[in-house]
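The sequence lines fix the lettering, A, B, ..., with proteins before strands; numbering per chain opens at 1.
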Amino acid sequence: MTDLRVGIGSLKLKNPVMTASGTAGYGAELAEFFDPSLLGALVMKGISLEPWQGNPPPRITETPCGMINSIGLQNVGLEMFLREKLPFARQWDVPVIANILGTSADEYVRLAAELDGAGVEGIELNVSCPNIKKGGISFGRDMAVFARLVGAVRKTVKSAALIVKLTPDAPVAEFARAAEESGADAVSLINSIPAMAIDVNTRRPLVKNVIGGLSGPAVKPIAVRMVYQASRAVRVPVIGMGGITEGRDAVEFMLAGAHAVAVGTAIFSDPMAPLKILDGIRAYMENHGIKRVSAITGSVRT
Amino acid sequence: MKSASSDTSSILSRAAVKSNIKLNASNFILGLVPERALPGPRPGQFFMFGIDSRKDPLLRRPFCYFRKEDGAIQILYRVVGRVTTLMTGLRAGETVEILGPLGNGYPDFLGSKAEEAGNGKGKTPLVIAGGVGLASVYPLLAGLDGRAHLFYGERTGASLLLVDELRRLSGQVTLATEDGSAGFKGTAAEAAKVFLKGRDKKDFTLYACGPNGMLKAASALGVDGYIASEEKMACGVGVCLGCAVKTAGGFKRACKDGPVFKIGEALFD
């Protein structure tokens with residue numbers, strides 16, 4: 001019998017497979033395909049204080065073994081999330097991790113306070129948003145701003161596990177360490193990688209926003225490397241993601257140091273992907289005589 | 001041990017290729033027999049289609065339901081990129097993956113709900129198809145019992161598809177070509193505009209599918225009805241938010257909130 005349980009701070013997960021924010025909505029659409037209770041955790045689409053419209057189309061384009069998106073963090077806003085989306089997700093026996101977006105530290109703090117009070121099990125900070133007060137530089141790329149943000153949210157969050165999602169657009173070990181020192185219970189990585197693709201016939205960028213975020217199997221080796229570096233820089237758990245499409249990909253992230261993994265773009269190709277990946281992890285454990293999934297974490301032989 | 005991923009979904013299926021018929025250099029009809037029965041489909045709905053489980057191409061592609069024939073679900077596709085090029089190589093007996101039917105089709109256009117849909121017996125259905133948008137409105141024509149007036153446009157006469165069949169299925173067919181090599185010189189929406197001149201627009205219900213420029217022109221004809229939008233999709237099931245359609249109420253999803261929208265709801269720049 002395999003033991004798939006993992007702990008992420010105060011979060012007790014029945015298995016290490018969660019959804020990546022922005023790839024599973026607020027759960028309802030995926031529930032048409034499988035019972036979300038089977039997941040380790042449900043990570044919700046990012047939430048801002050007010051609803052965000054997102055970017056004009058085209059918003060997506062496929063690239064070799066990957067895709068670029070410029071959705072623009074479209075979301076229903078905090079009020080609708082608390083009134084409809086969160087209560088709906090409570091029908092499933094699965095920890096809910098809210099992902100929060102702000103354009104100022106104050107917005108993050110207010111979001112975190114409301115969501116912590118509403119009883120979400122985890123709060124994930126998306127620090128890739130433009131910091132309006134800092135002239136649009138993302139919170140995730142300015143070390144001092146980043147550490148202050150994490151520290152401020154830490155003071156607010158009393159019961160939920162605080163997860164900081166790192167941007168791949170900055171030195172990952174340093175930011176992971178800063179997140180830990182500022183009180184994060186875990187770090188998650190990687191967010192999509194800034195990228196661009198051009199239609200050579202029309203000479204137009206393939207997403208209207210010009211630059212978008214690259215995800216999918218194309219980014220996986222980069223993500224594995226960053227998870228490896230981050231996990232060696234911190235003691236808090238690491239949640240790994242980036243192009244996981246099958247069980248062995250998830251195992252690879254865990255070998256590199258991840259305690260849990262998130263499935264993102266693979267859901268777009270196949271809504272059943274998270275469960276197939278979980279099956280693959282279980283099969284790997286059985287084949288290798290591994291009883292506890294946590295024993296895989298960080299066991300790469302270097 | 002029971003697999004956690006035992007498939008509970010009723011719309012995900014592997015399917016056998018039954019036929020892959022070449023209509024002309026760039027248009028094909030692919031016939032698929034799902035391994036298990038799928039519900040529907042209704043005119044205007046679509047399927048996410050994947051050649052296999054490889055990582056490249058990564059994403060499934062949306063194709064609207066074209067028709068059922070000899071126990072096969074058929075999709076009409078135009079070769080425009082890498083996936084559709086690969087599709088031309090599919091042979092009978094090969095296995096592919098389909099997810100669907102998905103999305104909201106055209107509303108009921110016959111029977112009791114027809115009145116609610118603003119398409120009572122007194123109204124003549126005007127159907128406008130631009131290019132391969134024909135695939136979306138084709139199953140409507142059969143359901144409309146030969147009452148429809150079809151306006152079908154292509155760049156050039158040689159590209160027009162299935163014209164004899166369309167004449168059988170429709171009360172009236174107006175062909176339009178941008179180069180004037182067949183029928184009306186101009187777009188299908190322009191042909192419809194000429195037709196409507198001097199007629200009472202309340203006597204018609206419009207159904208249109210084609211490129212966004214055409215949908216914009218069709219929406220501006222002043223006739224009530226429906227358009228089916230075409231947008232790039234990653235998931236087709238409502239989670240990626242890739243297929244954004246601009247509406248007065250913000251961006252909506254072509255896959256889940258559409259692809260069929262009431263005229264005036266979807267806004268085109």
Side-chain angles (χ1 to χ4, degrees), chain A residues 1-2 15 17 19 22-30 32-35 38 45 51 53-67 69-75 206-207 216-218 243 245-246 265-280 282-283 286, chain B residues 1-12 14 48-62 80-83 97-100 102 212 229-247 249-257 266-269:
Chain A
M1 195 61 197
T2 50
N15 68 63
V17 177
T19 54
T23 65
Y26 306 104
E29 292 86 358
L30 281 194
E32 294 174 24
F33 294 93
F34 66 85
D35 179 358
L38 296 168
K45 171 87 180 148
Q53 288 292 314
N55 291 326
R59 291 175 165 189
I60 52 168
T61 191
E62 182 162 328
T63 54
C65 294
M67 65 176 284
N69 87 78
S70 68
I71 308 304
L73 302 171
Q74 177 181 340
N75 77 87
L206 281 157
V207 295
T245 55
E246 54 191 37
T265 302
I267 292 174
F268 300 160
S269 301
D270 179 359
M272 300 294 289
L275 298 193
K276 289 178 180 173
I277 287 160
L278 182 57
D279 279 348
R282 200 183 280 120
E286 283 164 4
Chain B
M1 178 170 46
K2 191 174 177 295
S3 153
S5 63
S6 321
D7 204 341
T8 54
S9 161
S10 61
I11 58 168
L12 188 62
R14 294 176 68 76
M48 293 301 282
F49 171 89
I51 292 181
D52 60 23
S53 300
R54 289 180 305 185
K55 293 178 188 175
D56 184 31
L58 181 67
L59 303 167
R60 291 184 177 135
R61 296 292 192 277
V80 294
R82 192 158 157 255
V83 170
E97 294 175 341
I98 56 173
L99 175 62
L102 299 166
N212 281 353
S229 59
E230 288 185 308
E231 289 294 339
K232 282 186 175 181
M233 293 178 186
C235 71
V237 300
V239 292
C240 78
L241 308 188
C243 58
V245 173
K246 192 175 167 188
T247 73
F251 286 115
K252 294 201 170 177
R253 301 163 297 180
C255 68
K256 202 82 177 169
D257 305 312
L267 307 173
F268 300 97
D269 295 327

Whatever's closer than 4.5 Å to a heavy atom in chain A on M48(B) counts as neither

Nearest heavy-atom contact between A234(B) and I60(A) is N-CD1, 3.2 Å

Residue T23(A) versus chain B: region with a heavy atom under 4.5 Å: backbone

Per-residue contact mode, N55(A) against chain B (heavy atom under 4.5 angstrom): backbone

Point-to-point distance, once rounded to the nearest 0.5 Å, from CG of D270(A) to SG of C235(B): 11.5 Å

Using non-hydrogen atoms only, which part of K246(B) is less than 4.5 Å away from chain A: side chain, backbone, both, or neither? neither

Considering all heavy atoms, the nearest V239(B)-E29(A) contact: CG1-CB, 3.6 Å

Check whether any side-chain N or O of E62(A) sits under 3.5 Å from a backbone N or O of L58(B) as a donor-acceptor pair, and report yes or no. yes

R60(B) charged N/C atom sitting above F268(A) aromatic ring, 6.0 Å / 45°: no

Smallest separation among heavy atoms of I71(A) and C240(B), with atom names: CD1-O, 3.3 Å

Do you know the tightest heavy-atom contact between A244(B) and P57(A)? O-CG, 3.3 Å

Looking only at S70(A), P51(A), P64(A), P56(A), the option with the highest number of non-hydrogen pairs under 4.5 Å against chain B is P56(A)

Quick one: which of E231(B), M233(B), R61(B), R82(B) has the most heavy-atom pairs under 4.5 Å with chain A, could you say? R61(B)

Is it the side chain or the backbone of T61(A) that comes within 4.5 Å of chain B heavy atoms, both, or neither? both

Straight-line distance of E32(A) CD to I11(B) CD1, nearest 0.5 Å: 7.0 Å

Counting heavy-atom pairs under 4.5 Å with chain B, which one of M67(A), E246(A), R59(A) comes out on top? R59(A)

Evaluate the side-chain contact (heavy atoms from CB on, under 4.5 Å) criterion for residues M272(A) and L12(B): first the C-alpha distance (whole Å), next the side-chain angles of each, then the deciding distance (0.1 Å), finally the verdict. CA-CA 9 Å; M272(A) 300 294 289; L12(B) 188 62; 3.6 Å; yes

